[in-house]
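All chains are named by letter (A, B, ...) in the order of the sequence lines, taking the proteins before the strands, and each is independently numbered beginning at 1.
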Protein chains: 2
Amino acid sequence: MVETRNYIGEFHYTVDSKGRVNLPSKFRNARVDETVFVVTRGLDPCIYVYPLSEWNKMENGLGNLSQLRRPDRTFLRNMTRYATHTTYDAQGRIIVPKVLLDYAKIVKKAIIIGVLNKIEIWSHESLTEYEKSTGNLTDMEYNDLAGEIYL
Amino acid sequence: MVETRNYIGEFHYTVDSKGRVNLPSKFRNARVDETVFVVTRGLDPCIYVYPLSEWNKMENGLGNLSQLRRPDRTFLRNMTRYATHTTYDAQGRIIVPKVLLDYAKIVKKAIIIGVLNKIEIWSHESLTEYEKSTGNLTDMEYNDLAGEIYL
DNA sequence: GATTATCACCCACTACTACCCACAATATTA
DNA sequence: TAATATTGTGGGTAGTAGTGGGTGATAATC
């Protein structure tokens with residue numbers, strides 16, 4: 001089994017009647033030391049899941065946000081307001097509050113996406129809609145961003 | 001045996017029913033220290049295989065993106081979404097997820113191409129079609145690019 | 001205080017996959 | 001040329017991952 005600290009990849013799982021969502025075993029193995037997570041509302045119509053250590057880093061960083069700029073304020077409020085601590089059970093599942101499931105329009109099926117230091121949970125519906133509308137990048141945006149990265 | 005860190009050359013291998021693809025022994029010998037790879041969706045209709053160290057370079061770049069700007073988030077998600085860690089087995093094969101095989105239209109035969117710091121996996125179909133259409137460079141493009149290279 | 005709802009913990013089943021072994025074909029060495 | 005190692009390909013199996021449901025303790029409501 002490959003060991004890396006960062007979360008990557010996409011997984012399709014089911015949410016049961018108790019609001020339990022499986023975390024991919026790859027993700028659990030990636031950070032065996034992390035058993036506590038913070039779930040909260042994403043900026044996009046999805047759910048963010050932070051391992052505790054990453055959440056703490058963010059809490060520290062939140063102090064640096066501007067009180068004046070609107071996106072900063074929104075971000076800060078979103079992150080703190082809906083945040084809940086969770087642990088996973090013996091089967092590797094976390095419990096996601098119904099408010100958040102509703103927000104992400106998740107009913108039965110969920111798409112789990114690893115985004116380096118956090119995990120996103122989407123409904124198929126929200127994700128495709130997001131991709132269709134605002135989600136798409138223009139060629140210019142894409143090239144700008146790609147240029148900032150690597151190669 | 002000639003020693004190079006870079007992957008070059010083209011190889012024709014088969015993908016078995018379990019989605020296993022052989023990595024050319026030349027490639028394995030090129031970087032004996034690298035046993036972990038990241039397979040992901042290529043920009044072109046093919047599969048990218050990065051040795052872990054190369055992938056990490058990219059991840060470092062991704063870490064600098066803004067959590068607040070929407071294009072940044074989308075870009076980041078697209079990069080991580082289709083990525084998976086793999087190791088090769090005792091026979092030197094890696095497992096490629098079906099989603100990616102479908103994306104590259106690979107069924108039984110695969111074309112492995114070494115592109116310096118990464119490996120590309122193509123289907124014969126996608127490759128020839130790509131060459132016919134968008135793959136060809138205009139003379140102007142070619143000259144522009146050639147000018148950027150050091151000979 | 002009685003009743004209901006909620007949640008953490010436990011058990012059970014199925015499908016998959018990581019690991020193992022096998023073998024033919026080619027390349028390398030004696 | 002014969003012997004040996006390496007390479008590419010195929011398949012079987014034990015362990016694990018994903019899913020569903022049950023139960024007792026605790027909290028909430030009347």
- Whole angstrom value for the distance that separates C1' of dG10(D) from NZ of Lys108(B): 9 Å
- pair Ile94(B)-Val39(B): side-chain heavy atoms closer than 4.5 Å: yes
- Task: State whether Ser25(A) places a side-chain N or O below 4.0 Å from either non-bridging phosphate oxygen (OP1 or OP2) of dT16(D).
- Result: no
- Nearest-angstrom distance from the residue atom CZ of Phe11(A) to C1' of dT19(D): 16 Å
- Item | Sequence neighbours excluded - ring-ring contact (aromatic ring centres under 6.0 Å, His included) pairs with any residue from residues 70-100 of chain A | Phe37(A)-Tyr88(A)
- Item | Residues which pass salt bridge (Lys or Arg N to Asp or Glu O under 4.0 Å) with Arg81(B), listed by chain and number, not counting sequence neighbours | Glu10(A), Glu131(A)
- Query: Tell me the salt bridge (charged side-chain N to carboxylate O under 4.0 Å, His left out) pairs involving residues 99-111 of chain A, sequence neighbours left out?
  - Reply: none
- Message: Go nucleotide by nucleotide along DNA chain C from the 5' end; which of Ala90(B) and Lys98(B) gets its closest nucleotide reached first?
- Response: Lys98(B)
- Residues at least two apart in sequence or cross-chain that pass salt bridge (Lys or Arg N to Asp or Glu O under 4.0 Å) with Arg20(B), listed by chain then number, are Asp16(B)
- Expressed in angstrom and rounded to an integer, what is the separation of Leu23(B) atom CG from dT7(D) atom P? 13 Å
- Provide, to the nearest angstrom, the distance between the CG atom belonging to Asp89(A) and the C1' atom belonging to dC7(C). 12 Å
- Could you tell me the separation between the CD1 atom of Ile95(B) and the C1' atom of dC19(C), rounded to a whole number of Å? 10 Å
Polar-atom pairs under 3.5 Å, protein N or O versus N or O of nucleotides 21-25 of chain D: list them with distances, or write none.
unit_1, atom_1, unit_2, atom_2, d
dG21(D), N7, Arg20(A), NH2, 3.1
dG21(D), O6, Arg20(A), NH1, 2.8
dG22(D), O6, Lys18(A), NZ, 2.2

- Message: I need the CD1-C1' distance between Ile94(A) and dC7(C), as an integer number of Å.
- Response: 16 Å
- Task: Starting from C1' on dT16(D), measure out to CZ on Phe27(A) and report it in whole angstrom.
- Result: 18 Å
- Task: Round to the nearest Å and state the distance from Tyr13(B) atom OH to dT7(D) atom P.
- Result: 9 Å
- Task: With sequence neighbours excluded, tell me which residues meet ring-ring contact (aromatic ring centres under 6.0 Å, His included) with Tyr103(B).
- Result: none
